[in-house]
Amino acid sequence: MFRKWIDQYTNGDDLGDSPFVSVHEWIAVMTIMVIPVVNIVMLVYLAYADRSKVSVSKINWARATLIVLIISVITIACVAMIFYLCYCFNDSMLTNKHIT
């Protein structure tokens, strides 16, 4: 599907036959990442893609992005829960009700 984006140049480092990722490829990936829901699907696809089909740098970028996304969601959920519990506790102290 995204094979047309991949250049034919190969990296001589320890990345094996993984092709270089050009600027226009990164622009295309970043453009896709702006679209809601499609961005999550794209990240999962790239994170678990076969190394022969997708560049290693894209795979590593997608995995790192997923890890940061999961950590962010967990952190935001914890902070929201703390604020909610503080609100409930404060409300119960003001009205002399018990938390239900």
How far apart are the closest heavy atoms of Ile59 and Val54, and which atoms are they? CD1-O, 3.8 Å
Separation between CG (Asn60) and OG1 (Thr65), nearest 0.5 Å, reads 10.5 Å
With the side chain counted from C-beta on, respond yes when Cys88 and Phe83 share a heavy-atom pair under 4.5 Å apart, and no when they do not. no
If you apply the rule side chain to side chain contact (heavy atoms under 4.5 Å, CB included), what do you find for Trp26 with Lys58, and how did you get there? CA-CA 9 Å; Trp26 282 118; Lys58 282 185 184 178; 4.0 Å; yes
Identify whether Ile67 and Ile74 are in the same connected component of the hydrophobic contact network (ILVMFWY, side-chain heavy atoms under 4.5 Å). no
What distance separates Asp50 CG from Lys53 NZ, expressed to the nearest 0.5 Å? 6.0 Å
What pair of heavy atoms forms the shortest contact from Glu25 to Phe20, and how long is it? OE2-O, 3.6 Å
On a heavy-atom basis, the closest approach of Ala47 and Ala62 is N-CB, 3.6 Å
Are any non-hydrogen side-chain atoms of Met33 and Leu43 less than 4.5 angstrom apart? yes
Does Met81, at its CE atom, have more than 12 non-hydrogen atoms belonging to other residues, nucleotides or ligands within less than 6.0 Å? no
Side chain proximity check, Val38 to Ile32, heavy atoms < 4.5 angstrom: yes
Shared hydrophobic cluster for Val68 and Met30 (ILVMFWY, side-chain gaps under 4.5 Å): no
Does the side chain of Tyr87 reach to within under 4.5 Å of the side chain of Ile82, using non-hydrogen atoms? no
Do Val21 and Val29 have side-chain heavy atoms sitting under 4.5 Å apart? no
Using the side-chain contact (heavy atoms from CB on, under 4.5 Å) definition, which of the options Ile27, Ile35, Val34 pairs with Thr31? Ile27
